[in-house]
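Shown next, in structure tokens, is the structure this report addresses.
One-based numbering along the sequence shown. Atoms considered below: every heavy atom in the structure, side chains included; atoms not considered: hydrogens, waters and symmetry mates.
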Amino acid sequence: MKTARHPPATGAAAKARPARKQAAPAAAGDLGALVAEASHHTLAINPLIGLSRGDVAGAAKSLLKAVAATPQRATRHYGRYLKELTQVVRGKSALRPDPKDRRFADPAWQNNALYARLMQSYLATQQELSRFIETSGLDQVEKGRAQFFAALVTDALAPSNWLLGNPAAVRKIVDTGGGHLVQGLKNLVHDMRHNHMLPSMVDATPFKVGANVATAAGQVVFRHEMFELLQYAPTTPEVHRRPLVISPPQVNKYYAMDLSPDKSLVKWTTDSGIQLFVVSWRNPTVEQRHWGLEDYVMALDAAVDVARRITGSPDVNMWGSCSGGMTLAAYLGWLAAQGDRKVAHTTWAVCVLDSEAAIEDSTLGLFNSPATIRAAKARSRRKGIVTGAEMATMFAWLRPNDLIWNYWVNNYLLGNSPPAYDVLAWNADTTRLPGRYHCDLLDLVEKNPYRNPGALEIGGLPIDMRQVELGAYVIAGITDHITPWRACYGTARLFGPGTTFVLANAGHLQSMINPPGLPKSYFFAAPASVEDPMQWAASAQAARQEGSWWPHWRAWIQGRSGDTVPAPARLGSRKHKPLGPAPGTYVLEP
């Protein structure tokens, strides 16, 4: 891959974005308010840039700068803080936690005078510190950094995180005579040795790939240095002629789409009469440090050609998820530059192609700069690989209450085992990124080439997404912390106002793995006919549909998959004979 010699895009990496003010709580059923609130809680576009110790130190410096620059204002806030603490001691404070804050869900926080005062003292500290930063003389970027650091510290110091400060932990001491603390200590030692000093989020031992997860029937019909191509067995007597080829993320393994029969998107697709092929990316090592975006694009082309030869279809439909969608976009741009129409229609799941919009909606926007991108590239070139553990650690510290302190309490203070949950087991089955590909993805963040024609070259051809003309269906999640829904809406806009945009009431993975039958599921579906995503949200209120979006997508993809033909009696072809059963061998490599 080459970055073409064009001026870099302004915005995405040219400067950090100001922090947004927190939205008012959303009213039930009010889509406009709900999506506005959700967008303020997005934390990261992806794990590409990282968050260094220097970034955290810089955030602390911003907080100290606020104190030094406005000592009189700091004194006033400190006086108001002491006044509130006096009210707390007297039992007259009106401070209450957010109803959604699970740290203070135990009734003792309300009913026990000591714990109520402890909680209110903590809330007073958190609230007044946040108010001081917001009213300080710092610019918006530095305010955002200071708020980030203040949240890191206050989240860590929450009374719920400490043995005697947590009523559930104290009750368990009484119930077990302290015996559970032995198990808690064992959990701590295990995580220090085997989980990079972070609390384990899952007990993955009950789940085995190919045995009770990733069990859909299929065959490896092509093996490439970079991927295995899986063809899944049809489950209907007739199938649509045009196949679907899925490009999953390189950041995780493909089988999120086939976790179990009751929530397998693979099974749902084959039950829809769609001929399905899935790319299973190989987990690279330092030996593959040279793999870059261009290599992944050519790998996709090889997969598409195999699917076409096996099915006899002149073209295919494609699906791209997250970073796999970023690769798919480069592939489509490369095809368009040659006038090649191998791909007819596309589905995009939780995929951001407009990096400027994503960084604007994320905490990383507070730290993103040309210097941080250069530093991230230098680390990748030096090490040759970015490990899954590195990316997981960054995400954890961007959402510490959900991904660290929640499990700290469960595993150590309460002495419980982490939950055995297939989604979390899949998430813990991490992959690596080749150093070159990581640098190429950073270039996508910095140059924003899908919005800036000619800023990216593949195979010597400039990429211009305006030349890509095909049907598109784009899925996003309202509460997605990784690929903000508004940035996903920007993906839909790349393919024109006729693109179908679907917004599910779920997070990153849950918005994609969203089978029928889940309680309280709903979604909004409407054409991406306006530029402003908030205007789309306001008008899409009437487009709410109950349940899963999967049946909606089934109708969309079936209508774009051609005529039906008898299902093939066997998988593969004379030239591409089956090499072994799905899920293949690459997915099993550590």
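- Separating the CG atom in Leu441 from the CE atom in Met326 is a distance of 5.5 Å, to the nearest 0.5 Å.
- Annotation: side chain of Tyr437 is not in contact with side chain of Asp295 (no heavy-atom distance under 4.5 Å).
- Contact check for Leu433 versus Met391: side-chain heavy atoms found under the 4.5 Å cut-off.
- The local environment of NZ in Lys267 is sparse, with at most 12 non-hydrogen atoms from other residues, nucleotides or ligands closer than 6.0 Å.
- Ring pair His345/Tyr473: centre-to-centre distance not below 6.0 Å.
- Between the Asp443 side chain and the Pro449 main chain, no donor and acceptor come within less than 3.5 Å of each other.
- In this structure, Ser272 and Trp550 have side chains that are not in contact, with every pair of non-hydrogen atoms separated by 4.5 Å or more.
- Rounded to the nearest 0.5 Å, atoms CD (Glu228) and CD (Gln219) are 11.0 Å apart.
- Looking only at distances, a side-chain donor or acceptor of Arg493 sits under 3.5 Å from a matching main-chain atom of Ala528.
- The backbone N or O of Asn514 sits less than 3.5 Å from a side-chain atom of Ser548, completing a donor-acceptor pair.
- Gln275 CD to Ser313 OG: the interatomic distance, rounded to the nearest 0.5 Å, is 8.0 Å.
- Ring pair Trp348/Phe495 is parallel by interplanar angle, where below 30° counts as parallel and above 60° as perpendicular.
- Within the 3.5 Å criterion, the main-chain N or O of Ala506 finds a donor-acceptor partner in the side chain of Thr479.
- Between His224 and Phe227, the two ring planes are parallel [angle under 30°; tilted spans 30° to 60°].
- Atom CD1 of Ile513 is separated from atom CG of Leu259 by 6.0 Å, given to the nearest 0.5 angstrom.
- Using cut-offs of 30° and 60° on the angle between ring planes, the pair His576 and Phe222 is perpendicular.
- A side-chain donor-acceptor contact under 3.5 Å links Glu294 to the backbone of Gly459.
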Val213 vs Trp426, side-chain contact (heavy atoms from CB on, under 4.5 Å): CA-CA, chis, key distance, verdict: CA-CA 9 Å; Val213 295; Trp426 164 82; over 6 Å; no
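- Judged by distance alone, with hydrogens and angles left aside, the side-chain atoms of Asp305 form no donor-acceptor pair with the main-chain N or O of Ala302 at under 3.5 Å.
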Residue pair Tyr255, Asp429: steps toward the side chain to side chain donor-acceptor pair (under 3.5 Å) verdict: CA-CA 10 Å; Tyr255 66 87; Asp429 190 7; 2.7 Å; yes
Check step by step if side-chain contact (heavy atoms from CB on, under 4.5 Å) holds for Phe523 and Ile475. CA-CA 10 Å; Phe523 66 96; Ile475 306 115; over 6 Å; no
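- A salt bridge between Asp271 and Arg554 is absent, with no side-chain N of the basic residue lying under 4.0 Å from a carboxylate O of the acidic one.
- Contact check for Ser355 versus Leu444: no side-chain heavy atoms found under the 4.5 Å cut-off.
- For the residue pair Ser380 / His438, a side-chain donor-acceptor distance below 3.5 Å is found, with atom types taken as modelled.
- Note on ring orientation: taking the six-membered ring where Trp is involved, the planes of Trp319 and Trp553 are perpendicular (angle over 60°, cut-offs 30° and 60°).
- In this structure, Asp315 and Arg242 have side chains that are in contact, with non-hydrogen atoms separated by less than 4.5 Å.
- Side-chain contact between Val530 and Tyr489: present, with at least one pair of heavy atoms (C-beta onward) separated by less than 4.5 Å.
- When atom types are taken as modelled, the side chain of Gln338 and the backbone of Trp334 share a donor-acceptor pair closer than 3.5 angstrom.
- At a threshold of 4.5 Å between non-hydrogen side-chain atoms, the residues Leu276 and Ile246 count as touching.
- Checked against the 6.0 Å centroid threshold, Trp281 and Trp291 do not count as a close aromatic pair.
- Side chain of Asp354 to backbone of Asn448: no donor-acceptor contact under 3.5 angstrom is found.
- Rounded to the nearest 0.5 Å, atoms SG (Cys488) and NE2 (His508) are 8.5 Å apart.
- Residue Ile458 holds its CD1 atom at 11.5 Å from CG of Leu332, rounded to the nearest 0.5 Å.
- A distance-only check finds no donor-acceptor pair linking the side chain of Asn427 to the backbone of Val423 [under 3.5 Å].
- Judged purely by atom type and a 3.5 angstrom limit, Asp464 has no side-chain atom pairing as donor or acceptor with the backbone of Pro453.
- For CG of Asp262, the number of neighbouring non-hydrogen atoms (other residues, nucleotides, ligands) closer than 6.0 Å is greater than 12.
- Between Leu229 and Val279 the shortest side-chain heavy-atom distance falls below 4.5 Å.
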